[in-house]
Structure formats: structure tokens, C-alpha cells
Amino acid sequence: MLREALRPVVDLVYPPRCPLCGAGLAAQDGLCAYCWAELAIPGEPSCAKYQRPFGDGVPVGAICLPCLGDPPKHDGIAAGTLYNEASRKLVLAFKHGRRIALARLLAGLMAARLPPIEGQWMVVPVSLHRWRLWRRGFN
Ligand SMILES: [Zn+2]
Ligand SMILES: [Zn+2]
């Protein structure tokens, strides 16, 4: 409630800008339409272990050759976006540019790629070293 009440003041002092190109935005936690289109959102079909994209015609659940040759020791990972210049800038803006308002957008991108929860899950955050946590201010 306090956050909502202070939003106009924050927006006045720090006008919302796209973290990738600097274009004006309506809210602190988004991207402009151009930069949003530059993100490469993974889709299907893709490798069931690393979400490496496949061409058309590969069945869902297939595993890529590198994963077959050297099977990972986990059940799979989920990526919110494929790595490209736009995703690199987005993560750097969040991690090192102190654009913490991007957390909701990044969490939404990752949550959209998680498989349906079946059975028991354990989500484990990767903790920062205490000195990095102290320098960055958040984990
Ligand atoms: Zn932009
Ligand atoms: Zn793979």
C-alpha cells in the first residue's frame, strides 16, 4: 500500500525508462515494445534438459545430442529467455544496475517456462557470497 502511494513520487524523481534502450515507459518494471520483441523467449520443441531449441518436427520431451553424450546430473533447467544481447542487458540492469523493479518481470519469464508441478519440489536459491551480498545489497 505504501509502495503504491509513493509510486507517483518515485516516478517523478526517477521517470520510468526502458532498462535496455532508455525509452520512456509507463511503469518502472517493464521494457519498451522494441526491446521486448528483442528477447528470445524459448519455446517448444526444445531439449527436455537444457531447453536448447530444436527445429520443427522433434517430439516434446526429446533430448539433444550434447545432453545424450554427456547427461547432466539434474532433471532439467528452465530459462526465461535464450541468451542474446537483449537478455544480457536485462540481467545486467537487474544485477548491477540496481533495477530491482525488474524482479517481477524476470520472475514471470522464468515461471512461464517451469513445467507443471507434480509431486514434491524443492526450489533452491543460489546464495551470494556475503561480500557480494554486502556490495550488491540484495540476493
Ligand atoms: Zn527499450
Ligand atoms: Zn540438451
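Nothing here was measured: the structure is a model prediction, and the numbers come from that model. We count ligands from 1, going down the list as the structure has it; atoms in each ligand are counted the same way.
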### Message
Using salt bridge (charged side-chain N to carboxylate O under 4.0 Å, His left out), reason through Lys89 and Glu38 one step at a time and then give a plain yes or no.
### Response
CA-CA 11 Å; Lys89 284 182 177 176; Glu38 293 295 308; over 6 Å; no
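Note that the CG atom of Leu68 and the SG atom of Cys47 stand 8.0 Å from one another [nearest 0.5 Å]. Distance check, rounded to the nearest 0.5 Å: CG of Leu31 to CZ of Arg17 gives 14.5 Å.
Using modelled atom types, one side-chain atom of Arg113 and one backbone atom of Pro42 make a donor-acceptor pair closer than 3.5 Å.
The shortest distance between side-chain heavy atoms of Cys32 and Cys21 falls below 4.5 Å. You'll find the side chain of Ser87 stays beyond 4.5 Å of the side chain of Leu82, heavy atoms only. Using a 4.5 Å heavy-atom cutoff, the side chains of Val91 and Leu102 are not in contact. Val60 places none of its side-chain heavy atoms less than 4.5 Å from the side chain of Phe54.
Within 6.0 Å of CZ in Arg136 there are more than 12 heavy atoms belonging to other residues, nucleotides or ligands.
Take a cut-off of 2.8 Å around the Zn ion (ligand 2): the protein N, O or S atoms inside it are Cys47 SG, Cys64 SG, Cys67 SG. For the Zn ion (ligand 1), protein N/O/S neighbours under 2.8 Å (waters excluded) are Cys18 SG, Cys21 SG, Cys32 SG, Cys35 SG.
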